[in-house]
Amino acid sequence: MEEKMFCFQCQETCRNTGCTMNGMCGKKADTANLMDKIILQLKLIALTRQVDRHLGRFTVKSLFMTITNANFDNAALQNQLDAAIKLTGDNPPLLPVGVLACTNEDIRSLRELLTYGIKGIAAYAEHAAVLGKEDDAVYAFLFKALQGIATEDDSGRLLALILEAGEIAVKTMALLDQANTGTFGKAQISSVKTGVGDRPGILISGHDLLDLKELLEQSKDAGIDIYTHSEMLPAHYYPELKKYPHLYGNYGNAWHLQNKEFATFNGPILMTTNCITPVQDSYKDRIFTTGMAGYPGVPHIADRQDGKPKDFSAIIELAKQCKAPVELENGTITGGFAHAQVLALADKVVEAVKSGAIKRFVVMAGCDGRQKERQYYTTVAENLPKDTVILTAGCAKYRYNKLVTGNIGGIPRVLDAGQCNDCYSLAVIALKLKEVFGVKDINDLPISFDIAWYEQKAVAVLLALLHLGFKNLRLGPTLPAFLSPNIAKILIETFDIKGITDPENDIAAMMSGK
């Protein structure tokens, strides 16, 4: 009899209800069930131990391993589970395992919303910690949230925890912003090549900028080029990374196209965090994982030890033996509009709004994905009036960042702040505009939100936006399957969250402030 599972944590979950035999992401039932056991054990740790930095960092890593498209390696997951069991305190309570163990649909919905929110927070916290930035308040909240997920059955108290998670998400994203800019410098407006050179290359995907920095340093005299893929595109905006001349350009598009794009790249691929998809035969002998990423049969580059960099020599040596990449396209992408850059243009932006040259900002941040319904975002972007500016971050931008061109008084119509990790920049920009225009309610600004979501970091960003007071948010391509009808109704009525409809109607509504 085939083993069963239940998972509905991502947007592409089967029929928008739940994956029960195999995950739409590619994970098998035994993998999903190991992840459920890790989550259970983290609850027990939170209930039986006092949080400290060691336990906090362990919890962050463990949560990160369970987000969508991060780790498919059962051996790695089992090792993490075994370590969690050893860290559990004495006399742990008996808790059921798995999403469906909670039979009350609404309580289950709230618990899962909180679970996925803290998974996203954990991903951001781990990225910050790798760069030397930690906050004990974040770790303390993760324990508090896990305790609530384990035992709380009052909807009001769970909602309060969920809103607190939004506050912690903002704190964690700000911490990561400080870590990135403190390590790699403030993002600069940059033009990134999408063509290829004639030397062999290494393609780096995922999100970890320190991995890229160490790879660049170790390969600078190797006669090869380094290319970014998907969410690593914003690496080209940071001065401490772009100073390496062999950081050649960006290859390909969003994460879900890697099965084709990795095949044509010819050289080795390094997956640094989440966004790995089932590995194909066409490149299985030249892909590596590191960090929280993992896939069975794929070599894994070990974590740093004693303050020393990771050892990327194996992937560099393989690259020297490979052909140069096959060209997919040949152009440029402009980005680097993090909050520091946009705020430097504040006077120009304010004048453009006051003069009517800019009628509206539309935040189209978030994730891309495989479903054909995501063509909606391309259509919206292409058909927005020419007096609108798109604010974006995350891989959702690949739906339109090579199509929507032009500027308004020197302000590009697409302002890319960076990775999904950089959504904090969009919030800072909005808060600054609120201050500049002197409005009391942030929702009185000429800003609309048309967000695409896929995985749990997007859930954390959504909770952050709710904490900051944003309302009237469009979320698609579907509302999350883990929201029960009653909980969805509460969010819709309280925060004016809504699903997408069709591009023409949604554009008209956004331009009228609805």
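Counting begins at 1 with the first residue of the sequence.
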Worksheet item: So, Tyr283 and Asn266: side-chain donor and acceptor under 3.5 Å apart, yes or no?
Response: no

Item to complete: Verify the neighbour count for atom NZ of Lys28: are there more than 12 heavy atoms of other residues, nucleotides or ligands below 6.0 Å?
Response: no

Discussion item. Looking at Lys213, I'd like to know if its NZ atom is crowded, meaning that more than 12 non-hydrogen atoms belonging to other residues, nucleotides or ligands lie closer than 6.0 Å.
Written reply: yes

Discussion item. Tell me if the aromatic rings of His127 and Phe64 count as close, with their centers under 6.0 Å from one another.
Written reply: yes

Worksheet item: Would one find more than 12 heavy atoms of other residues, nucleotides or ligands at under 6.0 Å from atom NZ of Lys186?
Response: no

Worksheet item: For atom CD of Gln178, is the number of surrounding heavy atoms from other residues, nucleotides or ligands below 6.0 Å larger than 12?
Response: yes

Discussion item. For the aromatic rings, using the six-membered ring if either is Trp, is the centroid distance between Tyr227 and Phe265 under 6.0 Å?
Written reply: yes

Practice prompt. Please say whether the positively charged group of Lys193, taken as NZ for Lys or CZ for Arg, lies over the ring of Tyr248, i.e. under 6.0 angstrom from the six-membered ring centre and within 45 degrees of the axis.
Written response: yes

Worksheet item: What do the steps show when you test His246 against Ser219 for side chain to side chain donor-acceptor pair (under 3.5 Å), and what is the final call?
Response: CA-CA 9 Å; His246 67 303; Ser219 62; 2.9 Å; yes

Worksheet item: Are the aromatic ring centres of His229 and Phe262 under 6.0 angstrom apart?
Response: yes

Worksheet entry | Under 3.5 Å side-chain donor-acceptor pair for Ser190 and His236 | no

Discussion item. Quick check on side chain to side chain donor-acceptor pair (under 3.5 Å): which of Asn253, Thr379, Asp368 does Arg399 satisfy it with?
Written reply: Asp368

Item to complete: Count the heavy atoms of every other residue, nucleotide or ligand shown that sit under 6.0 Å from NZ of Lys61, and state whether that count exceeds 12.
Response: yes

Fill in: Neighbour count >12 (heavy atoms, 6.0 Å) for atom CG, Asp198
no

Fill in: Qualifying residue, where the test is side-chain contact (heavy atoms from CB on, under 4.5 Å) with Ile301 and the options are Leu270, Asp211, Asp311, Thr289
Leu270

Discussion item. Between Asp36 and Phe6, does the side-chain contact (heavy atoms from CB on, under 4.5 Å) criterion hold? Intermediate values first, please.
Written reply: CA-CA 9 Å; Asp36 285 345; Phe6 187 85; over 6 Å; no

